[in-house]
Amino acid sequence: MHSKNSAKPRIRMTPYLITVGAGLSLATSAIASPDMEKAAQQEPEESEIPAPTIDTDGDGTADAWDRSGDGKPDAWDTDGDGEPDLLDDDGDGKPD
């Protein structure tokens with residue numbers, strides 16, 4: 001007779017446990033959604049150096065950047081690898 005009484009609480013708890021389990025699985029899937037994974041993958045791309053925009057030597061190829069936004073170049077790519085090699089951090093218009 002004791003075994004019949006102990007089974008009732010388990011039977012009454014089953015719907016609750018199923019509901020909690022389903023809720024936790026939905027919350028986990030919402031946390032690991034593909035949108036968040038895409039956002040995490042895009043962050044490193046934003047830190048890449050943009051292409052140069054100014055042609056300082058007149059050869060038809062952009063080789064300098066205007067990082068300060070004043071219309072004058074303040075970073076130069078001297079070896080053609082697409083990354084700035086010379087920087088003007090003091091604002092005098094010449095590489096430091």
Side-chain angles (χ1 to χ4, degrees):
M1 195 147 94
H2 187 277
S3 64
K4 289 184 180 180
N5 289 339
S6 64
K8 288 182 182 180
R10 281 187 250 168
I11 291 172
R12 284 185 274 164
M13 292 291 289
T14 302
Y16 173 75
L17 294 174
I18 291 172
T19 304
V20 170
L24 290 175
S25 67
L26 288 174
T28 304
S29 66
I31 290 172
S33 69
D35 294 336
M36 293 185 75
E37 291 176 12
K38 289 178 184 177
Q41 291 174 353
Q42 289 177 355
E43 288 177 11
E45 292 175 8
E46 292 174 4
S47 64
E48 291 180 6
I49 300 171
T53 57
I54 302 171
D55 180 16
T56 57
D57 56 7
D59 66 351
T61 303
D63 61 353
W65 290 263
D66 178 17
R67 299 179 299 157
S68 62
D70 62 357
K72 300 176 185 174
D74 54 12
W76 297 266
D77 178 15
T78 57
D79 59 5
D81 64 353
E83 296 182 11
D85 303 314
L86 303 174
L87 303 175
D88 174 23
D89 289 325
D90 60 7
D92 65 355
K94 299 177 183 176
D96 297 334

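- Rounding to the nearest 0.5 Å gives a distance of 4.5 Å between OG1 of Thr78 and CG of Leu86.
- Considering only heavy atoms from C-beta on, Ile54 stays 4.5 Å or farther from Asp63 through its side chain.
- Using a 4.0 Å cut-off between a side-chain N of Lys or Arg and a carboxylate O of Asp or Glu, Lys72 and Asp92 do not qualify as a salt bridge.
- Note: Trp76 CH2 to Lys94 NZ = 10.5 Å, rounded to the nearest 0.5 Å.
- In terms of modelled atom types and a separation under 3.5 Å, the side chain of Asp85 and the main chain of Asp79 share a donor-acceptor contact.
- Among all heavy-atom pairs drawn from Asp55 and Gly60, the shortest one is OD2-N, 2.9 Å.
- Heavy-atom minimum distance, Glu83 versus Asp77: O-OD1, 3.2 Å.
- Side chain of Asp74 to backbone of Asp88: no donor-acceptor contact under 3.5 angstrom is found.
- Thr56 and Pro73 make their closest contact through CG2-CG, 3.7 Å (heavy atoms, listed as atom of the first residue, atom of the second, distance).
- Minimum interatomic distance between Ile49 and Gly82 (heavy atoms only, all atoms of both residues): CG2-O, 4.4 Å.
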